[in-house]
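All residue numbers in this chain count up from 1 along the given sequence. We count ligands from 1, going down the list as the structure has it; atoms in each ligand are counted the same way.
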Amino acid sequence: MKNIVVLVSGGGTNLQALLDAQGRGELTSGRIAAVVSSTPGAYALERAENAGVAGYVVDRKAYGSREAFTEALLAQLEALNADLIVLAGFLYILSPAFIDRYENRIINIHPALIPSFCGDGYYGLKVHEKALEYGVKLTGATVHFVSAEADAGPIILQKAVAIEEGDTPELLQRRVMEQAEWKLLPEAVRLFCQDRLRVEGRIVHITEA
Ligand code: GRF
């Protein structure tokens with residue numbers, strides 16, 4: 001059984017998708033050991049509690065620098081014996097030392113088809129605003145391993161979502177979540193826990209069960 005630790009900062013609908021998948025018995029080789037929030041009072045913590053999963057806070061605002069914050073976060077993750085770290089709406093960029101420590105064991109979900117609409121400044125509704133502004137007809141979501149550069153690590157899964165006439169950033173965000181994010185993230189976690197993701201340079205091979 002792999003210990004999964006989910007890092008959150010906000011509402012946590014992607015965390016909910018993971019908790020629901022676990023509830024349905026779909027995360028066969030892993031279990032969500034804990035949820036760690038960078039924000040006290042984040043609704044994601046309530047979701048964890050409702051599912052009987054331990055919640056912790058490592059408050060970003062209590063630390064002066066990114067280094068001090070990530071050190072505290074690292075200590076928490078070591079204490080929890082994390083095998084897999086899932087960033088589910090986690091707002092902070094992790095330090096290179098953190099990423100090295102957990103190379104190819106940190107998964108992030110991004111609400112666009114990487115390498116489109118990603119990188120510095122592309123988070124939350126901004127991503128969907130930019131996609132609509134550009135006029136693309138397809139967007140989607142990407143689950144990837146985290147590397148030192150934002151949104152640039154090896155891609156695990158992607159799913160396309162159509163843009164519709166009359167879309168607003170809010171409508172599009174919702175559709176991308178429903179049709180892609182909430183499905184892809186539990187699937188990627190399941191594959192990781194079953195040791196079915198083999199990383200070769202930038203390429204992630206998905207092996208047979
Ligand atoms: C999602 O759109 C995710 O792709 C992005 O942040 C958002 C988090 O939403 N990384 P939630 O907290 O999971 O509801």
- Item | Heavy atoms from other residues, nucleotides or ligands near CG of D120 exceed 12 (cutoff 6.0 Å) | no
- Taking only residues at least two apart or on different chains, which pairs with a member in residues 24-70 satisfy ring pair (Phe, Tyr, Trp, His ring centres under 6.0 Å)? F69-Y92
Protein N/O near ligand 1 N/O, under 3.5 Å, which pairs?
residue: ligand 1; atom: 2 (O); partner: E181; partner atom: OE1; Å: 3.2
residue: ligand 1; atom: 2 (O); partner: E181; partner atom: OE2; Å: 3.3
residue: ligand 1; atom: 4 (O); partner: I109; partner atom: O; Å: 3.4
residue: ligand 1; atom: 4 (O); partner: E181; partner atom: OE1; Å: 2.6
residue: ligand 1; atom: 10 (N); partner: I109; partner atom: O; Å: 2.9
residue: ligand 1; atom: 12 (O); partner: G12; partner atom: N; Å: 2.8
residue: ligand 1; atom: 13 (O); partner: T13; partner atom: N; Å: 3.2
residue: ligand 1; atom: 13 (O); partner: N14; partner atom: N; Å: 2.8
residue: ligand 1; atom: 13 (O); partner: N14; partner atom: ND2; Å: 3.0
residue: ligand 1; atom: 14 (O); partner: T13; partner atom: N; Å: 2.8
residue: ligand 1; atom: 14 (O); partner: T13; partner atom: OG1; Å: 2.6

- Query: Among the clusters formed by ILVMFWY side chains lying less than 4.5 Å apart, do L45 and V58 turn up in the same one?
  - Reply: no
- Task: Output all residues satisfying side chain to side chain donor-acceptor pair (under 3.5 Å) with N3, sequence neighbours left out; order by chain, then residue number.
- Result: R31
Distance-only donor-acceptor pairs under 3.5 Å for side chains of residues 104-115, two or more places apart:
residue: N108; atom: ND2; partner: H144; partner atom: NE2; Å: 3.2
residue: H110; atom: NE2; partner: F117; partner atom: O; Å: 2.7

- Task: Provide the closest heavy-atom pair for P186 versus A21 in the form atom of the first, atom of the second, distance.
- Result: CB-CB, 3.7 Å
